[in-house]
A.B. asks: 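Got a structure for you, questions after.
In listed order, ligands and their atoms are each counted from 1. We number each residue from 1, following the sequence as shown. The analysis underlying the following values was restricted to heavy atoms, covering all of them including side chains, and did not include hydrogens, waters or symmetry mates.
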Amino acid sequence: MKIDKFIYKKPYLIAGPCSAESEKQVSSIAESISNKVDVFRAGIWKPRTNPKSFEGIGSIGIEWLKKVKKRTKIKVATEVATATHVEQCLNAGIDILWIGARTTVNPFYVQEIAEALLGVNVPVFVKNPIHPDIGLWIGALERLNNNGVTRIAAIHRGFFTYESSAYRNDPKWEIPIALRKNLPSLPIICDASHIAGNRNLVSEVSQIAMDLDMDGLMIETHDNPNLALSDSKQQVTPTELLSLLQKLVLRKQDFKNRKLSRDLKSWRTEIDKLDTQIIKKLYERKVFVEEIARFKLQNGLTIFQLERWFEILKTRKDQGRLQKLDPKMISDIFELIHKYSILTQTNIMKEK
Ligand code: PEP
Ligand code: MN
């Protein structure tokens, strides 16, 4: 992918209301935050889960954004979901467009948007799809790139989950990290508001994003969040935004100090040794698994025994708890180990 740099500040800050609601609301929020952020955001066309919800103010909102741009001189951004949206934004000189999570999921929509952008090269941010499919996310970025959009960035807004959690959308931090591995020069911005879903958690999510070395933050900001027509629980006031930004701790990636680098290196050597031991133990475990498979085969036993599996899970979680390890982490690890044990055993059965 050909990615051109267009973000020169870290953290790159995008803030503004979830939805543009009135000219006064848009201009008042913009006035209070324009000297603290790099981009003013406001949704004009809102894809909502329920059709009874506020679906956005529509094209008139573009005029309000144009005024914000003229008065405050900061860049303005809005969400586009169709070629017509793109056309209207380009005609009005909207600086940055973003593709929402509900649009990234559909390659037809993304292709249509990408084609409408052919030959324009306006910066486009692509939110992750609602469900944790990194291929779909990269695919959307590629579709834009194939149509000449080289100023692109990803927005990590978390993923839908049935599991109960304090957050609205599961961050699954491993996914943006994998994206970074795949496309090292692609800026990744964390939409802390849509992950948190609750204004009290936005600061915590923003800090994690900074500690994971993300490039920027998108934070929904409203002058009167409780009365917001969309996402009212997760929006902060301009004053809260300022205090959140002041509290943010920006840590560095590398030490300039030689002694500190050496100390870190020696801790890492210890981790390397422990990981080598874990791998060796996994090998030893596999040898036993193979022995057991042969034994089961000779004695006509099935590979999988539910009771034994429950016992493994329970005892390992209990042991983990004694070591103050997260039981969910232990069950995730053992589910994986167990999955591969079963695979090893099935392969042995097949050999016979
Ligand atoms: C938004 O930014 O207001 C929005 C609708 O976000 P998402 O596409 O992440 O749900
Ligand atoms: Mn929103």
A.B. asks: Using a strict threshold of under 4.0 Å (side-chain N to carboxylate O), is an ion pair present between Glu220 and Arg41?
C.D. replies: yes
A.B. asks: Under a 4.0 Å N-O cut-off, is there an ion pair linking Lys252 with Asp213?
C.D. replies: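 Result for this pair is no, no salt bridge flagged.
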A.B. asks: Of all the non-hydrogen atoms in the protein, which one sits nearest to atom 8 (O) of ligand 1, and at what distance?
C.D. replies: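 Minimum-distance protein heavy atom for atom 8 (O) of ligand 1 reads Ala101 N, 2.8 Å.
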A.B. asks: Which label fits His85 and Trp45: parallel for a plane angle under 30°, tilted from 30 to 60°, or perpendicular past 60°?
C.D. replies: parallel
A.B. asks: Got a donor-acceptor contact below 3.5 angstrom from the Glu240 side chain to the Thr237 backbone?
C.D. replies: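 Present.
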A.B. asks: Any N/O of Gly100 closer than 3.5 Å to an N/O of ligand 1?
C.D. replies: no
A.B. asks: Could you tell me whether Lys273 and Glu270 have a side-chain N and a carboxylate O separated by less than 4.0 Å?
C.D. replies: yes
A.B. asks: Is there a side-chain contact between Ile14 and Ile189 in this structure, where contact means two heavy atoms from C-beta onward sitting under 4.5 Å apart?
C.D. replies: yes
A.B. asks: What atoms of ligand 1 come within less than 4.0 Å of a heavy atom belonging to Lys127?
C.D. replies: 1 (C), 2 (O), 4 (C), 6 (O), 7 (P), 8 (O), 9 (O)
A.B. asks: Run down the list Lys46, Glu79, Arg48, Arg41 and name the one with the heavy atom closest to atom 2 (O) of ligand 1.
C.D. replies: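 Comparing heavy atoms across Lys46, Glu79, Arg48, Arg41, the nearest one to atom 2 (O) of ligand 1 lies in Arg41.
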A.B. asks: Check Lys2 with Asp4, please: is the shortest side-chain N to carboxylate O separation under 4.0 Å?
C.D. replies: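 So Asp4 pairs with Lys2 through a salt bridge.
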A.B. asks: Hey, which N, O or S atom on Glu220 ends up closest to the Mn ion (ligand 2)?
C.D. replies: OE2
A.B. asks: With heavy-atom distances below 4.0 Å as the criterion, list the atoms of ligand 1 near Glu220.
C.D. replies: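 It comes down to these atoms of ligand 1: 1 (C), 2 (O), 3 (O).
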A.B. asks: Does Thr78 reach the main-chain N or O of Ala42 with its side chain, forming a donor-acceptor pair under 3.5 Å?
C.D. replies: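 Looks like yes, one N/O pair under 3.5 Å.
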A.B. asks: Looking only at N, O or S atoms in Asp231, which is nearest to the Mn ion (ligand 2)?
C.D. replies: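 Atom name of the closest N, O or S in Asp231: OD2.
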A.B. asks: Under 4.0 Å from any heavy atom of Arg157, which atoms of ligand 1 are there?
C.D. replies: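 Listed by number with element: 7 (P), 9 (O), 10 (O).
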A.B. asks: At less than 4.0 angstrom from any non-hydrogen atom of Cys18, what atoms of ligand 1 do you find?
C.D. replies: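 Under 4.0 Å from Cys18, ligand 1 has these atoms: 3 (O).
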A.B. asks: Within less than 4.0 angstrom of ligand 1, does Met218 place any heavy atom?
C.D. replies: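 It does not; every heavy atom stays at 4.0 Å or beyond.
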A.B. asks: May I ask you to check if ligand 1 and Asp191 share an N or O to N or O distance below 3.5 Å?
C.D. replies: no
A.B. asks: Starting from atom 4 (C) of ligand 1, what is the nearest protein heavy atom, named by residue and atom, and what distance separates them?
C.D. replies: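 Looking at atom 4 (C) of ligand 1, the protein heavy atom closest to it is His194 NE2, 3.5 Å.
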A.B. asks: Could Asp326 and Arg321 be called an ion pair, given the rule that one side-chain N must be under 4.0 Å from one carboxylate O?
C.D. replies: no
A.B. asks: Please note down the angle at the Mn ion (ligand 2) between NE2 of His194 and SG of Cys18, to the nearest 10°.
C.D. replies: 170°
